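Data first, discussion second: the structure below is written as structure tokens.
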Amino acid sequence: MPLSKLKDSNHPLIEYIERLEAGGDLLPDSPENLIEVVGILKSYGVVLDAYCRNLIYIAEHQFLVIFPFFKYFNGEFSFPKLLRHLFHDRLNFEYAEYCMKAMFWHGGGGLDEYVDSPEFKELAEAAIQRQLKFNPVILGLNKLFPDFLLEQVRQLAYYSALGQFWRVMSDMFISLSDRYDAGEITSISQVVNHVLNGLVADASTPITYSVKIGDKVYDILPKKAGLTFLADTAVPYVEAVFFRGTPFPGTISYNAQAHQIPEFQQQFSYGALYADPLPTGAAGIPPTLLMQDMRHYLPDYLHEVYRNSCRGEDDLRVQICQSFQKSMFCVTTATIQGLAPHPLDTKEPEQQQANRAYLESWVDRFVTSRLSEVNKPTERSCKLFLTPVDK
């Protein structure tokens, strides 16, 4: 069936559906977009490396520590480091926990199912009893509230799983930057293909988690559970962090009578693909923590682009957020391509119809996103804002 016969659609974003069917990407190819996407992913990769190391450290070395005061120190405590921490001269690991809690709350995938299984409960209980055997007070509370510590172990499983997911993504983004520096990446499509190939290569990588207590290792997420990188961490992460997210405190009322938060979880649209870059640059908005962290690791070529913009570095976090959203639409394109029921360039009529329905289900969710905004040409010059008198 020629694709022209599929084009009769009233979908408000039909142009993006047709672009994907034709082998294109959600973000158009341009030298400016390429610089922004590769540069911001280089910075993001460095930050994710630190985030993933800390999440895995917490899962393995802060297991059921009641008051984990030094969980952000990765076991390397010193008073100079404490002073830098208190004066906020550090990475914002709180953002990593924000993403973990979004995944934990929204659920999805085999990991969400497994942490509610009898097998997980049995494994977790064995570790709980061993870790707290000299703490009768907490064990007594656990008998009164049997889900209390179990829920903490579930959360620690998500610390570890997200850390393992970010380990793969960090390496993927750093290698993308290396290939760009070597002249191997010259278009947005090549960026998408790099991410897609990375997702496919690690799709079946096992997600496991165990903790050593005393001289014994306790499995929490054993290999036999069959949890894997793509289905059980990558896809739930895209759902929880790219799309749904959680309402940002200070920008919306949590009062149920105000009806400012959707009643149903699936209606949440606070993820990275929807965030307005302006409030994202403000204090109290979780993604601002990530923008602040990426600011420290911008490649020189991208930093120069920001410096030469209309406002220079005065709105640096806003510009970083705009570039970050462009990069996340590239990652989303790779995800869409990788999960498609059939190759998007298929010539089989039934497969084309199945792909069209699949793409429409994705693009339905982009209607209120920033997709249209990131597809507009970037104008960094101040000329558009000058009056005749100013000129």
Side-chain angles (χ1 to χ4, degrees), residues 1-38 41 109 168-169 172-173 175-177 179-180 182-205 228-231 233-239 242-243 272-273 325-367 369-377:
M1 179 185 297
L3 283 175
S4 60
K5 292 186 178 181
L6 284 172
K7 292 183 178 179
D8 296 331
S9 173
N10 295 322
H11 198 287
L13 298 180
I14 184 60
E15 62 178 296
Y16 298 104
I17 296 174
E18 294 174 351
R19 186 190 298 180
L20 291 168
E21 288 174 337
D25 309 300
L26 291 174
L27 183 71
D29 187 28
S30 71
E32 295 80 10
N33 282 343
L34 182 64
I35 288 175
E36 287 189 63
V37 168
V38 175
L41 287 179
V168 172
M169 301 307 293
M172 184 190 302
F173 296 149
S175 66
L176 171 69
S177 175
R179 292 184 63 198
Y180 175 79
E184 298 177 23
I185 299 292
T186 59
S187 69
I188 290 297
S189 291
Q190 289 177 322
V191 171
V192 172
N193 286 335
H194 176 90
V195 175
L196 175 58
N197 292 336
L199 293 174
V200 171
D202 285 285
S204 58
T205 298
T228 58
F229 165 81
L230 184 62
T233 59
V235 174
Y237 179 85
V238 168
E239 181 69 34
F242 283 21
F243 286 99
L273 302 183
Q325 285 183 323
K326 290 182 178 183
S327 72
M328 292 302 100
F329 276 110
C330 290
V331 175
T332 303
T333 301
T335 304
I336 291 173
Q337 292 177 353
L339 296 176
H342 307 287
L344 294 181
D345 59 356
T346 181
K347 305 301 181 185
E348 295 294 328
E350 291 184 1
Q351 294 183 1
Q352 289 180 353
Q353 293 284 8
N355 282 344
R356 169 58 68 90
Y358 165 79
L359 291 174
E360 286 183 343
S361 68
W362 272 96
V363 177
D364 281 345
R365 307 183 69 182
F366 295 144
V367 172
S369 75
R370 300 281 299 177
L371 179 59
S372 297
E373 294 298 318
V374 302
N375 271 266
K376 294 178 180 177

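Bear in mind the structure is a predicted one, so any value in this text is a computation, not a measurement. Start at 1 with the first residue, then count along the sequence.
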Please report the C-alpha distance between Gln337 and Leu344 in whole Å, then the side-chain angles of each, then the deciding distance to 0.1 Å, and finally whether the side chain to side chain contact (heavy atoms under 4.5 Å, CB included) criterion is met. CA-CA 7 Å; Gln337 292 177 353; Leu344 294 181; 4.0 Å; yes

Contact between [X] and [Y] at the side-chain level, heavy atoms closer than 4.5 Å - yes or no?
X      : Y      : result
Leu199 : Phe229 : yes
Arg179 : Thr186 : no
Ile188 : Cys330 : yes
Val238 : Phe242 : yes
Ile336 : Leu26  : yes

Heavy-atom pair of closest approach, residues [X] and [Y]:
X      : Y      : value
Tyr16  : Ser372 : OH-CA, 3.7 Å
Ser204 : Thr228 : O-CG2, 3.8 Å
Asn33  : Pro28  : ND2-O, 3.0 Å
Ala334 : Val195 : CB-CG1, 3.7 Å
Pro236 : Ala231 : CD-O, 3.4 Å
Asn355 : Pro343 : ND2-O, 3.0 Å

State the [atom1]-[atom2] distance between [X] and [Y], to the nearest 0.5 angstrom.
X      : Y      : atom1 : atom2 : value
His11  : Arg356 : NE2   : CZ    : 9.5 Å
Arg19  : Asp25  : CZ    : CG    : 8.0 Å
Met169 : Leu41  : CE    : CG    : 8.5 Å
Leu34  : Ile185 : CG    : CD1   : 8.0 Å
Gln352 : Glu350 : CD    : CD    : 11.0 Å
Leu359 : Glu18  : CG    : CD    : 11.0 Å

Which is it for Leu371 and Leu273 under the side chain to side chain contact (heavy atoms under 4.5 Å, CB included) test, yes or no, and what are the steps along the way? CA-CA 8 Å; Leu371 179 59; Leu273 302 183; over 6 Å; no

Determine whether a donor-acceptor pair (N or O, by modelled atom type, separation under 3.5 Å) exists between the side chain of [X] and the backbone of [Y].
X      : Y      : value
His342 : Gln353 : no
Gln190 : Ser187 : yes
Ser361 : Tyr358 : yes
Ser177 : Phe173 : no
Gln325 : Ala272 : yes

Classify the ring geometry of Phe329 against Phe366: parallel below 30°, tilted from 30° to 60°, perpendicular beyond 60°.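 If you compare the ring of Phe329 with that of Phe366, the planes turn out perpendicular.
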
Kindly write out the residues that satisfy side-chain hydrogen bond (donor to acceptor under 3.5 Å, both in side chains) with Tyr180, not counting sequence neighbours, or none if the list is empty. none

Quick one, Val235 with Glu239, criterion side chain to side chain contact (heavy atoms under 4.5 Å, CB included). Give me CA distance, side-chain angles, the key distance, then yes/no. CA-CA 6 Å; Val235 174; Glu239 181 69 34; 5.7 Å; no

From Leu13, Thr332, Ile17, Leu20, residue fulfilling side-chain contact (heavy atoms from CB on, under 4.5 Å) relative to Trp362: Thr332

